[in-house]
Asks: 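My structure is below; once you've seen it, I'll send some questions.
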Amino acid sequence: MSAQIPELSNPSVCMKDPQRVQDILHSMVKAGSNTLQVISDFDMTLTRFSHNGKRCPTCHNILDNSKVISADCKQQLDHLLHTYYPIEIDSSRSVEEKLPLMVEWWTKAHDLLVEQKIRKDLLAEAVSESEVMLREGFQLFFDHLHEHSIPLLIFSAGIGDILEEVIRQAGVFHSNVNVFSNYMDFDESGVLRAFKGELIHIYNKREGALLNTGHFQELRTRPNVLLMGDSLGDLSMADGVQDMENILKIGFLNDKVEERKRSYLDSYDIVLIKDETLEVPNAVLIQDC
Ligand code: TMP
Ligand code: MG
């Protein structure tokens with residue numbers, strides 16, 4: 001049945017075990033779309049990694065490149081990015097080695113942002129003036145899930161307020177969308193004073209999922225999961241799902257392809273290499289309904 005998905009023959013698609021993918025798809029289609037939930041990372045998964053050869057921004061980069069940040073702060077945030085991003089994508093280091101360094105990155109970046117006394121009312125402009133782009137096919141992706149009442153959880157180590165603004169401005173922040181992310185805490189005059197709750201970074205999404213058991217409890221009649229991510233840390237986003245029956249994991253491999261391909265193929269069922277579109281996830285969803 002799922003051999004009928006022609007998009008799985010796209011040149012960007014790699015699979016370690018295509019038969020396994022067929023079997024999972026077959027079970028999910030049989031169970032029906034009312035048993036499905038989608039859990040997706042945001043930065044570099046729902047958003048593009050690059051456009052016309054130029055890198056696209058993450059939620060954090062949207063602020064880093066905006067007028068709400070002083071030139072000095074921008075320089076410091078750029079320095080952090082150039083220090084820690086190579087560590088994030090370094091396949092020669094273990095997660096155990098990277099984890100404390102990622103906490104360090106997030107903590108330093110958030111401390112710098114808080115020092116900037118960012119005003120809530122300037123966030124929408126920072127987003128509209130940025131070069132952020134959702135991946136090609138985003139409209140179909142969000143609209144299809146909404147039309148079929150399939151819950152979409154966006155689980156991001158980015159910044160919730162920015163992420164929401166991106167999808168709001170794109171006209172796809174539908175009622176079936178829930179977001180777990182780092183949210184800003186503003187004082188009564190609308191000035192950033194802290195970030196709320198437990199920090200979410202790329203390697204603690206499991207803990208984040210387990211803190212939100214209520215969400216997954218509500219979705220317990222949906223034991224089939226489509227998971228989408230671009231980091232190996234995204235694989236634990238579904239750890240809170242109750243009584244899971246089938247999970248299909250789609251991973252975007254955007255950068256350092258040769259070094260990371262093996263580990264992505266070992267962890268994700270479908271790996272999309274330098275694919276800036278949502279064509280494959282859309283094809284999977286459409287055949288599922
Ligand atoms: P994600 O979970 O939505 O993909 O968000 C995490 C991304 O944010 C991760 O790839 C690193 C990126 N990031 C920045 O670009 N700048 C920063 O200052 C920080 C802390 C993270
Ligand atoms: Mg990401």
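Just so you know, ligand 1 is whichever comes first in the structure, and atom 1 is the first atom listed for that ligand. All values below were derived from every heavy atom in this structure, side-chain atoms included, with hydrogens, water molecules and symmetry-related copies excluded.
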Asks: Has Asn61 got any heavy atom lying under 4.0 angstrom from an atom of ligand 1?
Replies: yes
Asks: Salt bridge check, Lys67 against Glu125: does any charged N sit closer than 4.0 Å to a carboxylate O?
Replies: yes
Asks: One thing to verify: whether Lys98 and Asp90 come together as a salt bridge, which I'm taking to mean a side-chain N less than 4.0 angstrom from a carboxylate O.
Replies: no
Asks: For Ser156, counting its heavy atoms only, list the atoms of ligand 1 lying under 4.0 Å from any of them.
Replies: 1 (P), 2 (O), 3 (O)
Asks: Below 3.5 Å, N or O to N or O, backbone or side chain included: is there any such pair between Lys205 and ligand 1?
Replies: yes
Asks: Parallel, tilted or perpendicular, judged at 30° and 60°: which one describes the rings of Phe180 and His215?
Replies: perpendicular
Asks: Would you mind naming the N, O or S atom of Asp41 nearest to the Mg ion (ligand 2)?
Replies: OD2
Asks: Give me the nearest non-hydrogen protein atom to atom 4 (O) of ligand 1 as residue plus atom name, then the distance to 0.1 Å.
Replies: Asp41 OD1, 2.8 Å
Asks: Considering non-hydrogen atoms of the protein only, which is the closest contact for atom 15 (O) of ligand 1, and what is the distance?
Replies: Thr58 OG1, 2.7 Å
Asks: Taking both backbone and side chain into account, is any N, O or S atom of Asp234 nearer than 2.8 Å to the Mg ion (ligand 2)?
Replies: no
Asks: What about His201 and His110, are their ring centers closer than 6.0 Å?
Replies: no
Asks: For Lys256, is the NZ atom crowded, meaning more than 12 foreign heavy atoms sit under 6.0 Å from it?
Replies: no
Asks: What's the shortest distance from atom 20 (C) of ligand 1 to any protein heavy atom, and which residue and atom give it?
Replies: Trp106 CD2, 3.5 Å
Asks: Does ligand 1 come near enough to Glu88 that some N or O of the ligand is less than 3.5 Å from an N or O of the residue?
Replies: yes
Asks: Report the part of Asp43 (side chain from C-beta onward, or backbone N, CA, C, O) that has a heavy atom under 4.0 Å from ligand 1; answer both or neither where that applies.
Replies: both
Asks: Taking only Lys NZ, Arg NE, NH1 and NH2, and the carboxylate oxygens of Asp or Glu, determine whether Lys196 and Asp185 approach each other closer than 4.0 Å.
Replies: no
Asks: Which of the N/O/S atoms in Asp230 sits closest to the Mg ion (ligand 2)?
Replies: OD1
Asks: What I want to find out is whether Arg193 reaches Asp187 closely enough, with some N-O distance under 4.0 Å, to be called a salt bridge.
Replies: no
Asks: Considering residues, nucleotides and ligands other than Gln75, do more than 12 of their heavy atoms fall under 6.0 Å from its CD?
Replies: no
Asks: Could you pull out the closest heavy-atom pair between Asp41 and Ser156, with the gap in Å?
Replies: OD1-CA, 4.4 Å
Asks: Give yes or no for whether the N/O distance cutoff of 3.5 Å, strictly under, is met between Ala157 and ligand 1.
Replies: yes
Asks: Using a strict cut-off of less than 4.0 Å between a Lys/Arg side-chain nitrogen and an Asp/Glu carboxylate oxygen, indicate whether Glu131 and Arg55 qualify as a salt bridge.
Replies: no
Asks: Can you name the N/O/S atom of Asp43 that is nearest the Mg ion (ligand 2)?
Replies: O
Asks: Among all protein heavy atoms, pick out the one at the shortest distance from atom 16 (N) of ligand 1; state its residue, atom name and that distance to 0.1 Å.
Replies: His60 CB, 3.2 Å
Asks: For Asp64 and ligand 1, does the shortest N/O to N/O distance drop below 3.5 Å?
Replies: no
